[in-house]
Visitor: 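Structure in structure tokens, see below.
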Amino acid sequence: MTVHTSAARVNIALADCSYDILIAPGLLDAPASFDAVPLGASALIVTNATVGPLYAERLAAALASRHARVLRLELPDGEQFKTWETLNKIFDALLSQQADRGTVLYALGGGVVGDMTGFAAACYMRGVPFVQVPTTLLAQVDSSVGGKTGINHPLGKNMIGAFYQPLTVACDLATLKTLPPRQLSAGLAEVIKYGPIADMAFFGWIEQHIDALRACDAHALAHAVRRSCEIKAAVVGQDEREAGLRAILNFGHTFGHAIEAGLGYGAWLHGEAVAAGMVLAAELSRELGLASASLVERLRDLLIRAGLPVQAPVLSAQDNAGRYLELMRVDKKARQGEIRFVLVDDAGHATVHAAPGAAVRAVIERCRAQ
């Protein structure tokens, strides 16, 4: 495979650290996928116990001509392991192998591996280069793109981290064939979100092709990954550090992060929590007169067809809405204790607004799982 001629490229245009997202099957096995990476003495592939046995050997072979020493580290698999303790395993590996500032970290896996590897790269010796090699749909269309890195805290998701951009992102579409159906559906939530926030024509395309996407049709997935990355690249290029516009990428995430923290990390996949969160955010948009009932129904129906939950799980038998509000107050978009939400309209535009507590409570109870 000749990466330069056959891979789709989406550029993240940033003032100091622009880079390309490569999208094609076979990138994992092609040394040219990593031409943007400087030659160096050592590299560390960070992966997990699920992905490592499938792909770590192949990635190491592709990197053999670029690095004299290619080390590997397998982390436990799951959102519940996105912690300081797991992060320290990366630092332990780097220090024990006397890794220097030229060592390149490769994040091989889904969003958890990518976020932790990027955060480790940002911190180790105050910054070493890293590369994203995402193997899940969710990571390919969202978490590997844009430089958000971090770990969870028991009180809030992704509350400890840094903005730190990779040298390149290599999205090997062939890795999606090994995804379990539940993981594929979770990734589709992050694909679907791009419609209401930026491109309702793309939303319509997803409606038409959702069955093909769930069946892992190569052409449908290639288009979905590329268009999702194009939208995210355009937003990140204007607002790298989420000073304003970039917050729209968190459509459904304020509610979704509360669901993840309230149920316990790992009970629901991130994309599942975001799916229910998007329905809540769309309902709140309707409650405040921004969106129509028709948009809410289209979104709900599409998420159901994608195999995703659309009802808000119960987080507290005593005061369910109150528990949601308590957890959402530690959301990164909150200001002076005021919770702000990404809201949408029927035209595919998103804005960030505070919302009256009564409206939020009404929506949570209306969408409550029975």
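Each residue takes its place number in the sequence, starting with 1. As the structure is a prediction and not an experimental result, all values here were calculated from the model.
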Visitor: Could you list the donor-acceptor pairs under 3.5 angstrom formed between side-chain atoms of residues 19-27 and any protein atom two or more places apart in sequence or on another chain?
Guide:
{"residue": "Y19", "atom": "OH", "partner": "G146", "partner atom": "N", "Å": "3.1"}
{"residue": "Y19", "atom": "OH", "partner": "Q165", "partner atom": "OE1", "Å": "2.7"}
{"residue": "D20", "atom": "OD1", "partner": "N11", "partner atom": "ND2", "Å": "2.9"}
{"residue": "D20", "atom": "OD2", "partner": "R9", "partner atom": "NH1", "Å": "3.0"}

Visitor: Please tell me if the side chains of D77 and L75 come closer than 4.5 Å, counting only heavy atoms from C-beta onward.
Guide: no
Visitor: Among Ile, Leu, Val, Met, Phe, Trp and Tyr joined by side-chain contacts under 4.5 Å, find the other residues sharing a cluster with L269 and list them by chain and number.
Guide: none
Visitor: Can you tell me if K193 uses its side chain to pair, donor with acceptor, with the backbone of L249 under 3.5 Å?
Guide: yes
Visitor: For V314, which residues count as a side chain to side chain contact (heavy atoms under 4.5 Å, CB included) partner, sequence neighbours excluded?
Guide: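 Checked V314 against side chain to side chain contact (heavy atoms under 4.5 Å, CB included); matches are N320, R368.
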Visitor: Residues in side chain to side chain contact (heavy atoms under 4.5 Å, CB included) with A347, at least two apart?
Guide: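 Partners of A347 by the side chain to side chain contact (heavy atoms under 4.5 Å, CB included) criterion, ordered by chain and then number, come out as D345, H349.
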Visitor: Which ILVMFWY residues are connected to L155, directly or by a chain of links, through side-chain heavy atoms under 4.5 Å apart?
Guide: none
Visitor: Which residue in the set F81, W84, Y265 passes side-chain contact (heavy atoms from CB on, under 4.5 Å) when paired with N152?
Guide: Y265
Visitor: How does the hydrophobic cluster around L28 look, that is, which other residues are in it when side-chain heavy atoms under 4.5 Å mark a link?
Guide: F34, V37, I45, V51, L54, Y55, L59, L63, V70, V104, Y106, L108, V131, V133, L167
Visitor: By side chain to side chain donor-acceptor pair (under 3.5 Å), which residues pair with D172, not counting sequence neighbours?
Guide: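 Testing D172 for side chain to side chain donor-acceptor pair (under 3.5 Å), a comparison that skips the adjacent residues, returns none.
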Visitor: Test C229 against every option in V145, I12, V169 by the side-chain contact (heavy atoms from CB on, under 4.5 Å) rule and name the one that passes.
Guide: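 With C229 as partner, V145, I12, V169 yield a single side-chain contact (heavy atoms from CB on, under 4.5 Å), made by V145.
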Visitor: Taking the six-membered ring for Trp and the single ring otherwise, decide whether the centroids of H223 and W205 are under 6.0 Å apart.
Guide: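 Yes, ring centres under 6.0 Å apart.
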Visitor: Taking A234's backbone N and O only, do any of them form a donor-acceptor pair with Q238's side chain (distance below 3.5 Å, no angle check)?
Guide: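 Side chain of Q238 to backbone of A234, a donor-acceptor pair under 3.5 Å: yes, one is there.
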Visitor: Identify the residue among I304, L303, V274 that makes a side-chain contact (heavy atoms from CB on, under 4.5 Å) with V279.
Guide: L303
Visitor: Which atom pair, heavy atoms only, marks the closest approach of K232 to S143?
Guide: NZ-N, 4.4 Å
Visitor: With the side chain counted from C-beta on, respond yes when H67 and S42 share a heavy-atom pair under 4.5 Å apart, and no when they do not.
Guide: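 No, their side chains stay 4.5 Å or more apart.
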Visitor: Can you pull out every salt bridge (charged side-chain N to carboxylate O under 4.0 Å, His left out) where at least one residue sits in residues 151-169? Sequence neighbours excluded, please.
Guide: E79-K157, K157-E260
Visitor: How would you list all residue pairs meeting salt bridge (charged side-chain N to carboxylate O under 4.0 Å, His left out) that involve residues 108-135, not counting sequence neighbours?
Guide: K82-D115
Visitor: Closer than 3.5 angstrom, by distance alone: can the side chain of T117 be matched with the main-chain N or O of G114 as a donor-acceptor pair?
Guide: no
Visitor: Just verifying a value: how many Å separate L138 CG and S185 OG, rounded to the nearest 0.5 Å?
Guide: 11.5 Å
Visitor: So, E190 side chain and D142 main chain: donor-acceptor pair closer than 3.5 Å or not?
Guide: no
Visitor: Treating T103 as the side-chain partner and A99 as the backbone partner, does any N or O pair qualify as donor plus acceptor under 3.5 Å?
Guide: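 Not a single qualifying donor-acceptor pair exists.
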Visitor: The criterion is side chain to side chain contact (heavy atoms under 4.5 Å, CB included); which residues satisfy it with Q97, sequence neighbours excluded?
Guide: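 Result, side chain to side chain contact (heavy atoms under 4.5 Å, CB included) vs Q97: R69, L71.
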Visitor: Using links of under 4.5 Å between side-chain heavy atoms of ILVMFWY residues, direct or through other members, which residues join I364 in one cluster?
Guide: F255, I259, L263, W268, L280, L284, L288, L290, L315, Y324, L325, L327, M328, I339, F341, L343, V360, V363
Visitor: Keeping R361 on the side-chain end and A321 on the backbone end, is there a donor-acceptor pair under 3.5 Å?
Guide: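 Absent.
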Visitor: Apply side chain to side chain contact (heavy atoms under 4.5 Å, CB included) to E74 and list each qualifying residue two or more places apart in sequence or on a separate chain.
Guide: T47, A49, P53
Visitor: Show the nearest heavy-atom pair for residues A120 and L105, with the distance to one decimal.
Guide: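 Smallest heavy-atom distance, with atoms named: CB-CD2, 4.2 Å.
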Visitor: Determine the minimum heavy-atom distance between P31 and S65, stating which atoms define it.
Guide: CB-OG, 4.3 Å
